[in-house]
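Note: hydrogens, waters and symmetry copies are ignored here, and every other heavy atom, side chains too, is used. Protein chains get the first letters and strands the later ones, always in sequence-line order, with residue 1 at the start of each.
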Amino acid sequence: MSNLFEFACRMGDNSLVLGHRVSEWCGVAPVLEEDIALANIALDLIGQTQLWLGLAAEIEGSDRDADALAFRRDVWDFRNLLLVEQPNRDFGHTMMRQFLFDAWHFEMLGALKGSDHTQISAIAEKSLKEVTYHLERSTDTVIALGDGTEESHNRMQNALDRLWPYVGEMFLNDDCDHIDTSSLRPAFDARLADVLGQATLVQPDSTFTHKGGKTGARHTEALGHMLAVMQSLPRAYPDAKW
Amino acid sequence: MVVEKPTVTQIWKWLDNVPDPEIPVISLVDLGIIRDVQWQGDTLEITVTPTYSGCPATSIINLDIELAMTGHGIKNLSLKRQLSPAWTTDWLSEKGRSKLETYGIAPPQTAGGPDRCPHCQSTDVQRISQFGSTPCKAQWRCADCLEPFDYFKCI
């Protein structure tokens, strides 16, 4: 499989898996405005998935389209970061996961916008506008909840501690990456320090990182359960039209 | 019999009569998503850019364009999707902006929020949520007339 195909799958699987995770809040979020916001973010991410997996399918040049890639691959073929497949848990945990991903996604798309591959740069340019908006909201929410009540503060700190071992994978780099992802770390770290400071949260000092999501070597248990739900309909009724 | 092809200007006028499926007071041309119209031989090529990449209206918009063009006797139509340059609310027409406000949706402002309530024109407005009923809108309210209203996000 070509490096470019792998890369397009990485980008598309990140937005697909996180988009599906976020959509799990639809109808059950803490308040109506948050419900609508989460559903809208999920929609943006699924839209970006269509672009990235559409590109992957085009690069592959076989008979698979974006839908086939999304619904007919199993866990071992997914190339998303371990961070995005982590379960939603509580609202604070969901928003911390969103902030950590948005802060990386923002830098990543900014770098990809300058690619000389015209399709990659066009998708990045389009997605960056949406992700800028996502980042603004997740930043505000992390600060409000971190610097909120004792209860909300503790939940946000717990979320950060739990998710921290999944941050490092975003900056691991290999030949399949279209740009050097490790170069995004300084800007990410600077933003993180600023936001966590305002949120009165403490960055864990461990540098340990789980890995294996973006290479497909080993996903966490969570992904299989998620795909079982996400793919059940197209697998039960292959090629159904409505 | 030789049938003359409609001019590109005529086609733009037809497209300006195709309403946005979510906000029917403005047309697809007002929305700024029609990027190009041209004849390639006997095929009419219309270039469309999406507003938001996941907007469910995108497929309806393509269908509406096809229906409108077929209705005007266009037989060979090709719809092209263009992602770059990415859609911006700067492309909303002046006509579209004023129609939005009359309809009760505050038009986008570079300041990032509405300059006044579309119902009573008060400038005392507050944000309820950065997101709203469609990807292109946010929810605001007026502290004077107390009405909630949609704001067309500026991107």
Side-chain angles (χ1 to χ4, degrees), chain A residues 11-12 15-16 18-20 22-23 25-26 29-55 66 109 112-115 117-141 144, chain B residues 21-23 31-33 35-36 47-63 79-92 108-113 125-141 148-155:
Chain A
M11 294 304 291
S15 51
L16 174 61
L18 186 60
H20 186 81
V22 174
S23 80
W25 277 104
C26 188
V31 291
L32 183 61
E33 286 75 15
E34 292 305 330
D35 204 296
I36 291 170
L38 288 162
N40 268 289
I41 289 169
L43 198 59
D44 284 343
L45 289 169
I46 302 297
Q48 293 168 19
T49 304
Q50 287 176 328
L51 301 176
W52 287 118
L53 292 187
L55 175 63
L109 294 171
L112 290 174
K113 200 178 150 184
S115 165
H117 189 290
T118 50
Q119 283 163 293
I120 289 178
S121 79
I123 298 173
E125 180 192 348
K126 182 76 197 156
S127 309
L128 184 58
K129 287 195 157 198
E130 295 161 359
V131 169
T132 303
Y133 208 78
H134 300 175
L135 177 59
E136 190 184 315
R137 174 171 175 279
S138 59
T139 300
D140 287 352
T141 312
Chain B
E22 295 278 4
I23 312 168
L31 193 59
I33 59 170
R35 301 316 300 157
D36 194 29
T47 306
V48 187
T49 194
T51 50
Y52 287 81
S53 51
C55 185
T58 308
S59 56
I60 308 293
I61 285 170
N62 287 347
L63 191 67
L79 290 179
K80 263 178 60 183
R81 182 188 71 185
Q82 181 180 298
L83 290 180
S84 178
W87 178 74
T88 158
T89 39
D90 295 348
W91 293 343
L92 270 174
Q109 304 293 342
T110 44
V125 292
Q126 300 161 346
R127 189 175 75 186
I128 302 174
S129 172
Q130 277 156 290
F131 291 87
S133 55
T134 63
C136 58
K137 287 179 280 179
Q139 299 171 74
W140 284 65
R141 70 179 150 217
F149 63 89
D150 277 330
Y151 164 63
F152 204 99
K153 297 186 320 204
C154 183
I155 72 163

Nearest-0.5 Å distance that lies between atom CD1 in B:Ile128 and atom CZ in B:Arg141: 5.0 Å
B:Gln130 versus chain A, the contacting section by heavy-atom distance below 4.5 Å: both
Engaged part of B:Thr49 at the chain A interface, taking heavy atoms whose separation is under 4.5 Å: neither
Part of A:Glu136 within contact of chain B (heavy atom distance under 4.5 Å): both
Side chain, backbone, both or neither of A:Glu130 within contact of chain B (heavy atoms, under 4.5 Å): side chain
Contacts of B:Lys137 that satisfy salt bridge (Lys or Arg N to Asp or Glu O under 4.0 Å) - sequence neighbours left out: B:Asp150
Donor + acceptor pair across side chains of A:Ser15, A:Thr49 (<3.5 Å): yes
Qualifying residues under side-chain contact (heavy atoms from CB on, under 4.5 Å), relative to A:Asn40, sequence neighbours excluded: A:Ile36, B:Phe131, B:Pro135
OG1 on B:Thr51 to CG on B:Leu92, rounded to 0.5 Å: 10.5 Å
Selection from A:Ala39, A:Ala42, A:Gly47, A:Gly19 maximising heavy-atom pairs under 4.5 Å formed with chain B: A:Gly47
Part of A:Leu43 lying under 4.5 Å from any heavy atom of chain B: both
Proximal component of A:Lys129, with respect to chain B [non-hydrogen, under 4.5 Å]: side chain
When B:Gly54, B:Ser53, B:Ala86 are compared by non-hydrogen pairs under 4.5 Å with chain A, the top option: B:Ser53
Flag for A:Glu125-B:Ser84: side-chain donor and acceptor within less than 3.5 Å: yes
Shortest non-hydrogen contact from A:Trp25 toward A:Pro30: CZ3-CD, 4.2 Å
Region of A:Ile123 that comes under 4.5 Å of a non-hydrogen atom in chain B: both
